Amino acid sequence: MKSLIAAGVLLSLSILNAPATPQDDAFQKIARDYIEQYLQTNPEDATELGDHRFDSQLTDYSPHARAKDLATQKESRDKLNAIDGSQLTGPNNIDFRIKRKTSITKSSGLKD
């Protein structure tokens with residue numbers, strides 16, 4: 001939860017950074033997609049953060065939903081691994097390293 005808030009703040013700061021490189025644009029898209037997916041699959045956290053789009057929903061803890069979430073984590077990890085972090089500017093470089101580390105930690109139980 002705290003890492004999501006930190007990621008959101010860092011993402012907000014990174015959007016203000018200019019000029020962006022193509023790697024920055026790719027990273028920001030991955031980060032936005034990840035945050036959106038997280039909020040959709042964790043509606044209680046979204047509400048707690050002030051996003052009320054999912055107020056009528058509860059987190060789905062079914063085996064199918066958990067498997068889908070793990071697949072999404074793996075996809076996010078793979079997309080991050082495809083980015084050359086040394087080409088990211090300013091806050092995006094820091095955000096990338098944080099997100100990559102948390103992505104590796106969360107998906108460490110995945111089988112490739």
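Note that this is a predicted model, so its numbers are computed, not measured. All values below come from the heavy atoms of this structure, side chains included, with hydrogens, waters and symmetry mates left out.
At least one side-chain heavy atom of Leu80 sits less than 4.5 Å from a side-chain heavy atom of Phe27. Within the 4.5 Å cutoff, side-chain heavy atoms of Arg100 are placed close to those of Asn81. Counting only heavy atoms from C-beta outward, the side chains of Ile35 and Arg32 never approach each other to under 4.5 Å. By the 4.5 Å heavy-atom criterion applied to side chains, Lys99 and Ser76 are counted as neighbours.
No more than 12 heavy-atom neighbours from other residues, nucleotides or ligands sit within 6.0 angstrom of NE2 on His64.
The closest side-chain donor-acceptor pair between Asn92 and Thr89, if any, does not fall under 3.5 angstrom.
Between Glu75 and Lys79 there is a salt bridge, with a side-chain nitrogen of the basic residue lying less than 4.0 Å from a carboxylate oxygen of the acidic one.
Remark: Asp69 engages Gln37, Thr41, Arg66, Gln73 in a side-chain contact (heavy atoms from CB on, under 4.5 Å) (not counting sequence neighbours). In this structure, the side-chain contact (heavy atoms from CB on, under 4.5 Å) partners of Thr59, at least two apart in sequence or on a different chain, are Asn42, Pro43, Glu44, Tyr61. Partners of Asp33 according to the side-chain contact (heavy atoms from CB on, under 4.5 Å) rule, which considers only residues two or more places apart in sequence or in another chain, are Lys29.
Contact detail for Ala20 and Asp25: the closest heavy-atom pair is CB-OD1, 3.6 Å.
Taken to the nearest 0.5 Å, the CZ atom of Arg53 stands 7.0 Å off from the CD atom of Gln40.
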